[in-house]
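What follows is one structure encoded as structure tokens, with my remarks underneath.
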Amino acid sequence: MAVARRTAKSVWDRFSASDPGLLRLMAGLRTVGAILLALAVLALVGTPVTHLVAGAMTAMAATFAIQEKEVRGQAVTLALGLPVALAAISLGALLNSRVIAGDVFFVMLIFGAVYSRRFGDRGTALGLIGFQVYFVSLFVSASVSALPELFLTLTIAFVCSAIARFALVPETPERTLARLREAFRARLAQLVAHQIELLDADAGDVDAVLADLRRSTARLHEAALMIQGRLEEGTRDASAAALLQRRVADAEIAAERLGVLLLNARSAERVETLTLHLPNASASMPARARLAQDAGSALRRDLRALHLLVVRLVPDDRGTALPYLRNRLLGYREEQGLPQGSPAVQDCFRAVGEAARAILGLRLAVNAAQDEEYDTPEAARSREEFEAEEISISGEAAEAAEQEPTGLRRPTTRAAVQVSVGSALAIVGGEFLSTQRWYWAVLTCWVVFLNTASTGEILVKGYRRLVGTVLGVVAGVALAGAVGNHTWIAFALVLLCVFGMFFTAPLSYALMSFFVTAMLGLLYTLLNTYSLDVLVLRVEETALGAACGIIAAVLVLPVRTSHRTDEELGTVLARLRDVVSAAVAQLSGGPPVDLVDLARDLDTALDDLRSSTKPLTHPIAPLRARRQNARYVVALLETCAYHARSLAATAELVPSSKSVAADARLALAGRRITHNIDLIAAHVRDEETDGEIESGASIASMLDSGRHEVLRTGSVAFRVLRHLQRLDEGIVGLARPLGVPLAAREEKAAGARAGS
């Protein structure tokens, strides 16, 4: 029984890690529940099949359109959405027989729906509901005589959506945040498990393990960012939000640093490898190899203990076993019981101690675990540091309002104009293909503009929608043939397609389009309008709509992909400079600042840059050299961001820790790094600059006194210098791919580093 429970928990952890906060699962269940409830109620009142389809599509739109986090805000938006939906269905019915007037109004509706995004989540939801319900009126060929029944159908659909949202699958910010914390714990456990695999992997399996390690690190980072987005609404006050934010950041950085050091240790231990196994060890093994083997075995043992601390990160764990493991690992921070080994391996043990401290802090922030009676002096000191940090956290942080562009430069205005022009083209072209199904081209043109900000993103999204649609047509043909005239079986399969659509939407737009098209084949079967020609027409209209969207994006107020990536790159460099300068200032003795917020701003900007470069790195991108250059720049910035986050985490300890002291000499090293960042950022913005990229002497050599004390392996100062050195090298490395001129000496040094 215990084995079954552990297996079930392991499976659940994997699922929870794959869907942080169960957001995709909840969205799918909520939408399916709303549709199912609406169908049940409408069937009880004897609604015809056509109106059943209209009710199901309206319930779906009313459920997925609302993305507000607060329950009260969701209720207000849902209440406002009903009159919007009734107005849209009325206008659709009135204009159904007036082709020109209907087309003109549809284009105006599209413009308003896109422009309303500037008013936040509520404006976006109401615009989406208006567009989708008008589309429903076209899909079911609504007429004026049928309006009373359609009004009742839409009202029932909205009521069922409310019941599903607030009763059947309730969603509160607190519950969402709690599930996100659980997902973070599960992903942290996965990352530690992959780190253990890194030690045990044979030489031929290292690449596969490294791929898993990178994937787990990225997923942990994703969960941390999602928690960041839910903190304000999901915690009792700003102080609690700031505390949890800091603890999550500490745990993420500690786990990431542990992985880097394990990889360094594995690379350093070439002959005396960490993967030696005790049962196969020879009695005549050299002493150094036996030492490496013993250290490797101890490191595996401690990583498994760390994994256990993460897995058992729940409030009802009691007893002495876990505190004993925690205390032993915490001792490594104070050089207590540190196993013998090479400097690289001992760094790994220290990193294990730092990770154990971060897990303790996370547990205190989440569960307020009270097990002080088992504390060793090292654990007690860690608690004191946490308490000092908690006291120093400010209640609220003032945010400076950024000046927004106006007129046609405003993103919502530009997108509204582009979508309107593209939709007008799609209407004209779609009616040439079919006077009855032309709206599919308009829908495709609409969706390819959603959540896109450049021409390249629109091109990639149109391509993915077309691929998903083609595959969905094949599935639709098979499903429609299998269902035949069985209405309720068709509705059941529609619900499965709806769930698949919402569950896969954040993962793959092509998969989502596949489920949408398969669902349409079933809906046409229900409406007795199914034929193979209809699904082929669906592909043609989709291709036409994607082409119209791309044409509008290229010709009407275009935003070139390179222009957007340059903007995002400039933002990343600015955020990187903020983090580095603030961290170095605090490490040099300056006043404390909220470095966690600065680090998260950097992470958000870096995620935006990754998103903006996807069209450049997509396999269909024709310019291979440009694709490689974009990947190289993003990889360098990811490395710089890691070292900047680590610097910020260390600097956060200065005001409260007894082991981390400020050193004014670090300010000189920080100035060189920020100077180089400023030069690169100015070059990206096409500004005139007279300076040159500075490099040359290492960061450590810039500190003119006490060098041997500073560079003691394993010390906090040594760690700070290493992060600064890697930052310095990473920023100089950015100069060449970005076309920033280097002085002759720097060019020669960069070439030597590249050739080594």
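These numbers come from a predicted model, not from an experiment. Each residue takes its place number in the sequence, starting with 1.
Between the OG atom in Ser145 and the CG atom in Leu147 there is a gap of 7.5 Å [rounded to 0.5 Å]. Separating the OG1 atom in Thr155 from the CZ atom in Phe158 is a distance of 8.5 Å, to the nearest 0.5 Å. Here Glu171 contributes atom CD and Leu22 contributes atom CG; the two are 9.0 Å apart, rounded to the nearest 0.5 Å. Residue Leu606 holds its CG atom at 10.5 Å from CG of Leu573, rounded to the nearest 0.5 Å. For the atom pair CD of Glu638 and CG of Asp607, the computed distance is 9.0 Å after rounding to the nearest 0.5 Å. Remark: Leu433 CG to Trp440 CH2 distance equals 14.5 Å, nearest 0.5 Å.
A salt bridge links Arg122 with Glu68: at least one charged nitrogen is closer than 4.0 Å to a carboxylate oxygen. Using a 4.0 Å cut-off between charged nitrogen and carboxylate oxygen, Arg564 and Glu568 count as a salt-bridge pair. Note on Glu541 versus Arg437: no salt bridge recorded, every NZ/NE/NH1/NH2 to OD/OE distance being 4.0 Å or above.
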### Task
Let me see the working for Arg465 and Thr444 under side-chain contact (heavy atoms from CB on, under 4.5 Å), right down to the final yes or no.
CA-CA 8 Å; Arg465 183 170 182 85; Thr444 299; 3.4 Å; yes

### Task
In sequence, state the C-alpha distance, the side-chain angles, and the governing distance for Leu128 and Trp446, and then conclude on side-chain contact (heavy atoms from CB on, under 4.5 Å).
CA-CA 10 Å; Leu128 191 55; Trp446 160 277; 3.6 Å; yes

### Task
Evaluate the criterion side-chain contact (heavy atoms from CB on, under 4.5 Å) for residue pair Ile89 and Phe151; output intermediate values, then yes/no.
CA-CA 8 Å; Ile89 201 79; Phe151 282 175; 3.6 Å; yes

### Task
Start with the C-alpha distance between Arg575 and Thr604, add both sets of side-chain angles, then the distance that settles side-chain contact (heavy atoms from CB on, under 4.5 Å), and finish with yes or no.
CA-CA 9 Å; Arg575 299 291 180 264; Thr604 302; over 6 Å; no

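Put simply, the side chain of Val474 does not reach to within 4.5 Å of the side chain of Phe514, judged on heavy atoms. The shortest side-chain heavy-atom distance between Ile110 and Val442 falls under the 4.5 Å cut-off. In this structure, the side chains of Phe139 and Met57 come closer than 4.5 Å at one or more pairs of heavy atoms. You'll find the side chain of Ile129 reaches within 4.5 Å of the side chain of Val133, heavy atoms only. Between Val419 and Phe111, the closest side-chain pair of non-hydrogen atoms is not below 4.5 Å. By the 4.5 Å heavy-atom criterion applied to side chains, Asp103 and Glu431 are counted as neighbours. Proximity of Ile550 to Val554: side-chain heavy atoms (C-beta onward) are separated by under 4.5 Å at one or more points. In this structure the side chain of Met60 reaches within 4.5 angstrom of the side chain of Val498, judged on heavy atoms.
A donor-acceptor pair under 3.5 Å is absent between the side-chain atoms of Ser508 and the main chain of Thr504, judged by distance alone. Listed for the Ser161 side chain is no donor-acceptor partner under 3.5 Å among the backbone atoms of Ala157. Formation of a donor-acceptor pair under 3.5 Å by the Asn96 side chain with backbone atoms of Ala142 is found in this model. Although no hydrogens or angles enter the test, the distance criterion places no donor-acceptor pair under 3.5 Å between the side chain of Thr58 and the main chain of Gly55. One N or O on the side chain of His683 and one on the backbone of Leu738 form a donor-acceptor pair closer than 3.5 Å. A donor-acceptor contact shorter than 3.5 Å links the side chain of Gln418 to the backbone of Val556. Of the possible donor and acceptor atoms, one in the side chain of Asp19 sits under 3.5 Å from a partner among the backbone N and O of Leu25. The main-chain N or O of Leu42 is found under 3.5 Å from a side-chain atom of Thr47 such that the two form a donor-acceptor pair. Side chain of Lys461 to backbone of Val447: a donor-acceptor contact under 3.5 angstrom is found. Checked by atom type and distance alone, the side chain of Thr571 pairs as donor or acceptor with a backbone atom of Glu567 at under 3.5 Å.
Here the rule is side chain to side chain contact (heavy atoms under 4.5 Å, CB included) with Ile680, and of Leu576, Ile731, Leu569 only Ile731 fits it.
Taking each heavy atom of Leu78 and Ala62 in turn, the nearest pair found is CD1-O, 3.8 Å. The two residues Trp438 and Gly430 have their closest heavy-atom pair at CB-C, 3.4 Å. Across every non-hydrogen atom of Gly123 and Ser116, the tightest pair is O-OG, 2.9 Å. Minimum interatomic distance between Gly422 and Cys548 (heavy atoms only, all atoms of both residues): O-CB, 3.5 Å. Considering all non-hydrogen atoms of both residues, Cys497 and Phe515 come closest at O-CB, 3.6 Å. In plain terms, the two heavy atoms of Thr153 and Ala54 that are nearest each other are CG2-C, 4.5 Å.
The aromatic rings of Phe106 and Phe131 lie parallel to each other, their planes meeting at an angle below 30°, with 60° marking the opposite boundary. Classification of the Phe499-Phe503 ring pair by plane angle, with boundaries at 30° and 60°, yields parallel. Below 30°, between 30° and 60°, or above 60°: for Phe135 and Tyr439 the angle between ring planes is above 60°, a perpendicular geometry.
No more than 12 heavy atoms of other residues, nucleotides or ligands sit less than 6.0 Å from atom CZ of Phe432. With a 6.0 Å radius and a threshold of 12 heavy atoms from other residues, nucleotides or ligands, Arg98 has its CZ atom at or below the threshold.
Judged by distance alone, the side chains of Thr565 and Thr613 never bring a donor and an acceptor atom under 3.5 Å apart.
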